[in-house]
Amino acid sequence: MTLHATSPAFRENAREALADQQLQKALGNVRTNVVARRAVAAGRLPEFEALRDQARDIRNHVLAHLDVYLEMYERNVIAAGGHVHWARTADEACRIIIDIARAREARSVVKGKSMVSEEIGLNAALERAGVAAVETDLGEYIIQLRGETPSHIIMPAVHLNREDVEAEFRRAHTHLPAERNLDEPESLLAEARAELRAKFLAAEVGVTGANFLVAQTGTSIIVTNEGNGDLSQILPKVHVVVASIEKIAPTLEDASALMRVLARSATGQDMSVYTTLSTGPRRAGDPDGPEEYHVVLVDNGRSNMLGTSFQDMLRCIRCGACMNHCPVYHAVGGHAYGWVYPGPMGAVLTPSLIGVDKAGHLPNASTFCGRCESVCPVRIPLPKLMRNWREREFERHLAPAVTRGGLRFWAFFARRPALYRAATSLAMRALAFLGRDKGRFASLPFASGWTQHRDMPAPQGSTFQAQWKKRKR
Amino acid sequence: MQPPVRPRVGLFVTCLVDLFRPSVGFAAVKLLEDAGCEVSVPSQTCCGQPAFNAGDRAAARDLALQVMDAFANVDYVVAPSGSCGGMMVKHFPELFADDPRLSARARAFAARTHELVSFLVDVMKVERVSASFPRKATYHDSCSGLRELEVAAQPRKLLGTVTGLELAPLKDADVCCGFGGAFAVKYGDISDAIVSEKTNNVEDTGAHTLLAGDLGCLMNMAGKLARRGSSIEVRHVAEVLAGMTDAPPIGAPGKKPA
């Protein structure tokens, strides 16, 4: 079942996030370090802007011919000895994976980091089926211990500080000595590694996501910095790749072009530490690899976006640059968005996948500053797509009555210049008179949303147009 | 394209300048006239951006048509705002994309529409201004001007020629101030967090004056600075470039009559 959304409570979520001092401290890292690293990486490569164009074009080409490439990919996976499963919905995808696990009488599944597995609620579904799901990415492991969801698509535990993690480890790893030193990130990593090693060896099934599915070769590619993905897909007897249908890259050449912008945009690395390609199960003579290889291709609402303006959103390669550069994300973090995908890409994708009636706040909670679009490696026009959602909301009368009424009132005058000039001239003179002592208002009855947080500068007096007319006389 | 010897410029004064701070409009007129333009002010209300960003395309189209009609007889349309400028340059064509005739008209209109300071530098080739402002100031890049119209170097270039002005770099000058039109009211507490971060950075510069090219952002930042009890003065960049800084800063009281 698709993860439960708290997006309708965005306002309340945001208020809590703003008051959470630990969260605010953790978000400082995104605001500064991550942004700076991306800028350095992009600046070091003279052809970076041209690469972004190329990446956009590759993704557009894929989406225009998605049916052809998906079938090509399927043929090549099968030719390599793998199995391909098509899942229309989150439930179908979970059922397919549970059936694969049951066929092996699996008691535990190790997982590489995968956002689509979060989207389909895979861990909860596996638990209900009596199969333990173990996250092996360090960030994912930490938030799994805490019973949380990721707050960022590539840095799932970015909402936490080192001391939060230490406290969690001391609580969860009770069989380890209490005097152990967990002061450094390295010691935390070693602790998680020791815990996970046994779990890797015990699991019958490994589940990974995919950064790219290469149609030409039937290969799935993951990029990681921890190598946990490699272990997840090599050690267990069964490897299940779960990926959404738009992840296709036509050729290995295309995938490598996309990878050149992916890591630079995401973490400011030239490349991720591990780039792992897997094509089918272990062949005779291979030193390692799974006995069975499955790919679960998840639609879950994406094919409905094809042929609409939101098709552009399917270009996304999940680098997270948009949220890393978003002032709203910086202020409230990822959990406030209330579903799997936060930040600007989430503000466009979430309404597409769970409905704008539930996720209506997200495309509205943007200043349209455009910083997301300016760093998107595949040039998704994120503000424009958020505006498209606002248009749909407006058409469907989902916008609050106060907003609609205010807009209608304003537009009535704005469409009638003579009336507008007369009315505003009068109103501004009155307002200027009221604000003449301080030059600003600490509170205004019709603008309390503004004056709750800042003063409202008073107008100077007559409008420009009124003064200009006098001057010209 | 070479501008005409004495180009006719229609000043799109913007609704905020019209209503709240006419002195910016007069500063724009002076800068344009000094650059050799003949300035007119056609009857106007709003570029339609509030409707456009609220999802009301019908109202946005009506207002866009109204603007294009009103400014039909000038060589250039110039606005002391990157936000309204961006609306007219980038989004008018988008609004009429489904109508070949209007779309051509919107594109032609967009091609002769400019933000004020970039118009002075890029089109009128203004190299320097004759103004004096013996203060330490800092400059915030308003988002639409910066990212839709690439206004960044032009204001800094002209500010560099203002006598006595010391321009202090602002950390994260390219990050939004949290205004975002209706956003500032609809999501007031998020907007507050963003503008608090911005005003922290402004205060860290030690500047006496904060400048920017968009009145919406300026009113937001001035309102926050005032609420925090800061003594930093806030002005539109055109006022300083035109040497017209007699009016009290944004949100500050007028001089008491002696």
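Model, not experiment: these values are computed from the prediction. The analysis underlying the following values was restricted to heavy atoms, covering all of them including side chains, and did not include hydrogens, waters or symmetry mates. Here is the naming used below: chain letters follow the sequence lines, and residue numbers restart at 1 for every chain.
The part of Val13(B) that comes within reach of chain A is its side chain, from C-beta onward, which places non-hydrogen atoms under 4.5 angstrom from that chain. For chain A, the nearby parts of Asn220(B) are the backbone and the side chain; heavy atoms of each come within less than 4.5 Å. For chain A, the nearby part of Leu11(B) is the side chain; its heavy atoms alone come within less than 4.5 Å. Proximity to chain A involves both the backbone and the side chain of Ile190(B), based on heavy atoms less than 4.5 angstrom apart. In this structure, the portions of Phe20(B) lying under 4.5 Å from any heavy atom of chain A include both its backbone and its side chain. The part of Val332(A) that comes within reach of chain B is its side chain, from C-beta onward, which places non-hydrogen atoms under 4.5 angstrom from that chain. Of the two parts of Cys177(B), neither the backbone nor the side chain holds a non-hydrogen atom closer than 4.5 Å to a non-hydrogen atom of chain A. For Ser425(A), no part sits under 4.5 Å from any heavy atom of chain B, backbone or side chain. Neither the backbone nor the side chain of Glu148(B) comes within contact range of chain A, judged by heavy atoms closer than 4.5 Å. Proximity to chain A is absent for every atom of Val24(B), based on heavy atoms less than 4.5 angstrom apart. There is no contact between Ser142(B) and chain A, counting heavy-atom distances below 4.5 Å. Proximity to chain A is limited to the side chain of Leu63(B), based on heavy atoms less than 4.5 angstrom apart. Both the backbone and the side chain of Ala51(B) come within contact range of chain A, each with at least one heavy atom under 4.5 Å from a heavy atom of that chain.
Considering only heavy atoms from C-beta on, Ile232(B) stays 4.5 Å or farther from His208(B) through its side chain. Taking the side chain as every heavy atom from C-beta outward, Trp389(A) and Asn364(A) never approach each other to under 4.5 Å.
Taking chain B as the reference chain and counting heavy-atom pairs below 4.5 Å, the highest number among Arg440(A), Arg415(A), Met428(A) is found for Arg415(A). If you tally non-hydrogen atom pairs under 4.5 Å between each of His453(A), Glu373(A), Gln467(A), His325(A) and chain B, the highest count goes to His453(A). Per-residue heavy-atom pair counts under 4.5 Å with chain A were compared for Ala70(B), Ala193(B), Gly25(B), Ala60(B), and the maximum is reached by Gly25(B). The most heavy-atom pairs under 4.5 Å with chain A, out of Ile250(B), Val41(B), Leu218(B), Asp174(B), come from Val41(B). In terms of non-hydrogen atom pairs under 4.5 Å with chain B, the most contact-rich of Glu395(A), Arg421(A), Met456(A) is Arg421(A). Between chain B and the options Arg31(A), Glu393(A), Arg390(A), Arg408(A), the largest number of non-hydrogen pairs under 4.5 Å is found for Arg390(A).
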Query - Chi angles and distances behind the side-chain contact (heavy atoms from CB on, under 4.5 Å) call for Arg235(B), Leu211(B) - result: CA-CA 5 Å; Arg235(B) 289 186 184 278; Leu211(B) 302 172; 3.8 Å; yes
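A donor-acceptor distance shorter than 3.5 angstrom exists from the side chain of His236(B) to the backbone of Pro80(B), with no hydrogens or angles considered. Side chain of Arg8(B) to backbone of Asn73(B): a donor-acceptor contact under 3.5 angstrom is found.
Taking the centre of each ring, Phe92(B) and Phe96(B) stay at or above the 6.0 Å mark. The distance between the ring centers of Phe368(A) and Phe183(B) does not fall below 6.0 angstrom.
Salt-bridge annotation for Asp62(B) and Arg57(B): absent, with no side-chain N of the basic residue lying under 4.0 Å from a carboxylate O of the acidic one. In this structure, Arg379(A) pairs ionically with Glu49(A), as a charged nitrogen and a carboxylate oxygen lie closer than 4.0 Å. For the pair Arg147(B) and Asp141(B), the salt-bridge criterion is not met [side-chain N within less than 4.0 Å of a carboxylate O].
Relative ring orientation between Phe71(B) and Phe12(B) is described as tilted, the plane-to-plane angle lying within the 30° to 60° band.
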